[in-house]
Structure formats: structure tokens, C-alpha cells
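Note that the coordinates shown come from a computational prediction; the quantities given were computed from them, not determined experimentally. Letters A, B, ... mirror the listed sequences (proteins, then strands); counts begin at 1.
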There are 2 protein chains.
Amino acid sequence: MVRVYGSPSGMGGRAPRHLDATASAAARLDADPLRAKPLEKTKGWNVTTGFAHAELIAVLAAVTGDEPRVMTVDAGKALPSGPFESSHRSLQVGLRDWIESQTGHPVGFLEQLYTFADSDRDPGSVTGARRISISYLGLVREQAAPGAGQPEWHGWHEYFPWEDRREGDPAGLAQILQGLRGWAESDPDRDQRIDFAFGQNGLPWNEDLVLQRYELMFEAGLIPEAGAPEAPAFGRPMQGDHRRILATGIARLRAKIKYRPVAFEIMPDSFTLLQLQRTVEALVGLRLHKPNFRRQVDQQELIEETGETTTEARGRPAMLFRYRRAVVEARALSGTRLPIKV
Amino acid sequence: MVRVYGSPSGMGGRAPRHLDATASAAARLDADPLRAKPLEKTKGWNVTTGFAHAELIAVLAAVTGDEPRVMTVDAGKALPSGPFESSHRSLQVGLRDWIESQTGHPVGFLEQLYTFADSDRDPGSVTGARRISISYLGLVREQAAPGAGQPEWHGWHEYFPWEDRREGDPAGLAQILQGLRGWAESDPDRDQRIDFAFGQNGLPWNEDLVLQRYELMFEAGLIPEAGAPEAPAFGRPMQGDHRRILATGIARLRAKIKYRPVAFEIMPDSFTLLQLQRTVEALVGLRLHKPNFRRQVDQQELIEETGETTTEARGRPAMLFRYRRAVVEARALSGTRLPIKV
DNA sequence: TCCTTTATACTCGATTCGAGTATATCAAGG
DNA sequence: CCTTGATATACTCGAATCGAGTATAAAGGA
């Protein structure tokens, strides 16, 4: 049951900027209220709270026509966001209701993603109060055909074209690597980070490293949001750091889909095994091995036949399945297995 | 590589209160600013931000003498916390510096845990501005012997005695279950939640469900913090919802230790395999199978011999090992494996 | 010397995983 | 009607991993 230490790293090997600012050794020398202030040794910090602007940001994902999509506002330039108000009992409840009223579809999955509060997020503001963004990741079933007043959805590969490896190396990868290598200037440390994040020089591609790849490109000045004057502009830009938040959401979703049956939150009520596989492939940006995919899904008894078949495609009709929600959710999630129990 | 859908649930089967307030159907009927306000359809929420009090809270864990400990203030009644100030570039950096100055030991691991903002956290405050607590989980090496001015450390099983299953069923479990069953009143839904969280009626104990267990006891009125008049008081109480935050931290750590080598962030520079095992056992609250534990650790090449041995114990001297940090962090973290790649 | 204690090494069967191959069943076209 | 192409579904096989148990080595103490 207990499998201590799966694979290495996680906090090591240079974490992303906003997750652990190893790069900002300079910041340690800055005026630091947590240090400059004479701390009462055994009291921790004092109990006064600071004031801040607070907002909610949602990364809402769906899959339509084998393409992963994200809900946007402002012509695709921003993620939906709103003020954080004080009358909610729960952030989750309010957010869920709002999303359902906007999309017309229930949100099957919603969880907190990350709270962004670094002061270099919006360099313009020099006001004392800082902006805090509490972001959430949500999964929505295939939305209705876009009509008037419908929220906008954009394929997320518009923003991260290099994340789609379903048809092999994506177009533009060569230029990205060229830009990164130029920035690295044969610095072995930087070259190693590039190899690691983009699976170069014999290292495997790791679909989870969405954020690391974005941060690397950001550092290298390949991202317009970085404020670079003449950035080559890989992928479609977004307002502020919304693209970073989206990258965080995609990374979380790709990691989560491996140990929790979240993909069903995006599927319609009944679906074929190939539709399910295509959805997962869209989310992780990879092609999967069909026979093994099928084996894994049904040996875990996640689904059951509806008894019907579909004749949409040209070949042999496929059986339709439905997610066994009640059964799956009721049974003991053994969780990630620990190594050994005595 | 890609292993879609490990085990079931995750968002289902009744999530903890603060993570998804399924229980508060009532809240949906409340005045809801995200709904009551006429929303511009395609604009999401508006862009104004709300104001809030913001604070940082740290869950700092260490293991001393095979006991898992947590740093506290205020005589063990609270987690260290402090105001959120606006001059930091990164929350992480400031927090790390502060912790290191307080404990005298480097923080090997620090990551954001959760942002708590539900309005039922502090029922007293009726001010407009809400309190937001951004919590972090950190791992610290064994602290120096407690002296004057040193921060306090408490064994976390003082707060959650039922989480320590290293010596079999913990004392008091029977009373807890009795209390829970009384609250359930043969409601099959509640009984099932109890079985699931506490591994009853044939279900296995899942060490990761720290938060679910706490929430269940909270709902059942077995936790003094719930405001129950004559609560039986299982485990030592804490201020406000600090115990819930601690439970969140323990749950995260127990989950993380299974797929990331975080245990080494708590170990001294050189250690024996048994010391490593005892540390992991302390954190997950279970006994592990010794031969298999050793096999897993060294077949992953996480450690290397120092060449020295120890004669602390009575029997055969054990070899001392050190964590191969550089090697482990440099190599490709294949991450959690996806099912299959073509 | 013998016994206890701890460390370390090895074995075995069951299960899972990656990868590949074989067969079934439809639609369309000659 | 029968071939062809396309898709669905089923089966095989070796390698790796996992849970569980057993055996041997090296110390200290009686």
C-alpha cells in the first residue's frame, strides 16, 4: 500500500518562478518585513493581518471535438475572474453556481489551484495593498454550440502550441529550442534545464512540466508577457499573468488525470472507449496505446455498458459506456499506493 | 508512461467541508454576490477586486525521536502566522527566510498548501472585509534541543491521536467510532462515510484521509473547535481552524511522500536505512515492511553509502547513507506514470 | 560460547505494464 | 455478393514491480 518515494525531484531541480523563487537571491537582500521587523521569538509573526485586493480566477477546461479548450473573456485575452466578496460561506459554492449559470453546464470538478500574490505580478501598481488572486481549476462538460451571449472558449493549444505532441513534434518547437539555446549561451545549468523541461538529449518528454516549460521560455524572453520589447511571441499572449495561471491549471490537470478519474467529468453521459481515449489524449497532449488504455479502464471497473452502440464512424459500431459514478465514488480510494505495509 | 485513472474518487464521495461544501446546500440559497449581481455575460465577473485581510500560516513539520512534530506558538494552541505584507517579491522567499531565522535550520521543502477563506471560519467578525489565510507546508531538519527562545514543537499526534497506527489501533479509537455512530443514527450515508474514512467494515485504512476524518468528527460534534458545548474533546484543540489547517498539511505530506523523495528534507545529512524508515513511518503513521522498504529505496538509487557505520544500537552496526540530492534532482522525474504511450 | 538484537541479502508467486498481434463487424464499392 | 477499408474488441508474451516471507551476517551481553 505504501510506496514511499516514487520518482525523484518535485521540489528540486529548480522549481518554477512563482512556486519557489530560487532565482531571486536578490530578493533576500531586500527590505523584508518578515525579517526587518523585530520578531518576538516565540510568538511567530504578530497577529495583525495585512490588507490586500483579492480576486478569484477560474481555469475552466472542456474538450470539444478532440480539442482541449479553456473558457476566456475579453476576446480570448483573459481568464474569467471576479472580485472576492465577503458574504460567501464557501468560495467553492459561489464559484460553482456562477460557472453553471454562465456555461449552462454543471461543473463536475472544481478545486483550488494556487494563490498568486508575488509583487512582480503587476509592476504598474505601486499602491500599498497587494493583489491576491485565488485561482480554481474546473472541468465542464462539452458546452453547447456557441451562440449569442455564450462564454468564449479557446483551444488551449493556441496559447501553448508546444504542448500538443499528439502528432509528433509540434510546429515551432525548433524555433523555441533555438531561442532557448541562444539564451542559455552554453551555460550548462541552463542547458540542463532545457533538456529536462523539453525532453532533449535523450531525456523523455514529461507532459506534466507545462509550467516549467512556460517559465523557462518566460525567463528566456520568448514570452511577450515578460515585457520583452521584441519578443518572438510563441503562442497567443494573455493579459497579465493569466497565461501562467492557465499553465498551472493544465499542469495540475495532467498530473491529476493519472490517479483520479477526472476525465469523466468532461465526458458526456455516454461515450465510446475511443472517445474517452481521445479526450484524455487531448488533455495530456499525447497519443496513447489503444489496447492498454482499454484494459486499464475496464479492469478498474470505472465504466459499464449502456447496451447501445453507435454508428457515427465508418467502421464497426462501438459500444457505448457510462461512468459508474456511484460505484466508483463509494468504493475505497486506495489512493496512491504506499510501498509496503506489515 | 501514461497511466490514466489510478484509483477512484478524489472529488467524489463527499469532499471535506472547506474543499467542497456539498453539505451546505443551504448556502446556495443565500444572497450570493456572484449571482445576484447582474453579470455581463461575456465579461465574466467584473474586474474590481474585493478587499480582504490576508495572513500567512505555516505548517512546519519535523521528526525527532521517531515522533512527527509541528511548530507552534502560543503554548501549542496555534500555528505560526503573520501578516501578509506587500513588499515581498515572493511569499515563498520571505517565509523561508523567516522560518530559517526562527528554527535555525534550513527549510528543505516549502510549498503552498491551501488558501482558506470561507466566511464561517471566524463567526465573530461581521466586518465587511474577510480574512484570507494562505497556508504553507514546510519540512525542517531535526531542530536543535529546545532552549530559551526556541520555537515550540509539539508532537502532532497530540492533536490527532487517532492518526498514529504504528502500534495498531490507537487508544481512543473505539470512543471516536462510538461518537460517530451515535451521530450517524444509522443513516446509511453517514455510516458509509465513517466506514470509508476510518477503514471500518472491511474497508482498508487509508492514511491520506486525515482531513476527511477530522471533518467527519467536526461534523459529529466531537471537536471542541466546532463550538459544541460539551464536546468530548478528542485530541488537543487549537485556536480557530488551525487544527484543520494542520490536518490539511499532514494529509498533503502523507500523499506527497509516496511519489516525491521529500522525506530526505527532514533527515540529517547521514542516516541509516532504519532511521529513514522510522521517519517515514512517523509521518504516515504506519509500520512498513522492512525488506521491501530497503529494496525500494536503493533500487531507485536515491541514496549512497557514506562508508561509515554506526554503533548506536545494540545489534549489528548499520551502514550510514546520504541522500544523492544532486543526482536525484538532476535526473528526469518521470513523474507519476501515465498509462501507455505509443 | 550462546543468545539476543539489528542489519542485510535472497526467494517466490501474483499482479501489472509496455508492446505487439489477431479477430470481429460494420459501410461502401465493384 | 464479395472484397476492401476502417474501426472495434480480444488475446498473448516477456519484463518489471510488489507484497510477503525467509535466510544469513555481525555486533553486544550473559
Checklist entry - With side chains defined as the heavy atoms from C-beta onward, is the minimum distance between B/Leu137 and B/Leu110 less than 4.5 Å? => result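 When only atoms from C-beta onward are counted, B/Leu110 and B/Leu137 do not touch, as no gap falls below 4.5 Å.
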Checking contacts here: which listed nucleotide ([options]) is nearest the side-chain heavy atoms of [X]?
| X | options | result |
| --- | --- | --- |
| B/Arg295 | C/dT11, C/dA19, D/dT9 | C/dT11 |
| A/Pro317 | D/dA10, C/dC26, C/dA9 | C/dC26 |
| A/Ala318 | C/dT25, D/dT9, D/dA20 | D/dT9 |
| B/Arg316 | C/dT25, D/dA26, D/dA10 | D/dA26 |
| A/Pro291 | C/dA9, D/dA20, C/dT21 | C/dT21 |

Item to check | First encountered from the 5' end of DNA chain D, between A/Leu274 and B/Gln299 | outcome: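 So the residue in question is A/Leu274.
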Could you give the [atom1]-to-[atom2] distance, from [X] to [N], as a whole number of Å?
| X | N | atom1 | atom2 | result |
| --- | --- | --- | --- | --- |
| A/Ile303 | D/dA8 | CD1 | P | 13 Å |
| B/Leu320 | C/dA7 | CG | P | 11 Å |
| A/Asn292 | C/dT21 | CG | P | 13 Å |
| B/Leu288 | D/dG19 | CG | P | 10 Å |
| A/Arg294 | C/dC17 | CZ | C1' | 17 Å |
| A/Gln296 | C/dT15 | CD | C1' | 13 Å |
| B/Met319 | C/dT8 | CE | P | 5 Å |
| B/Asp298 | C/dA7 | CG | C1' | 13 Å |

Test: [X] and [Y] ion pair at under 4.0 Å:
| X | Y | result |
| --- | --- | --- |
| B/Glu163 | B/Arg213 | yes |
| A/Arg325 | A/Glu265 | yes |
| B/Arg260 | B/Glu111 | no |

Next on the checklist: Which residue is it: B/Arg254, B/Arg252, B/Lys258? I am looking for the one with a salt bridge (charged side-chain N to carboxylate O under 4.0 Å, His left out) to B/Asp208.
Outcome noted: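 By the salt bridge (charged side-chain N to carboxylate O under 4.0 Å, His left out) criterion, B/Asp208 pairs with just one of B/Arg254, B/Arg252, B/Lys258: B/Lys258.
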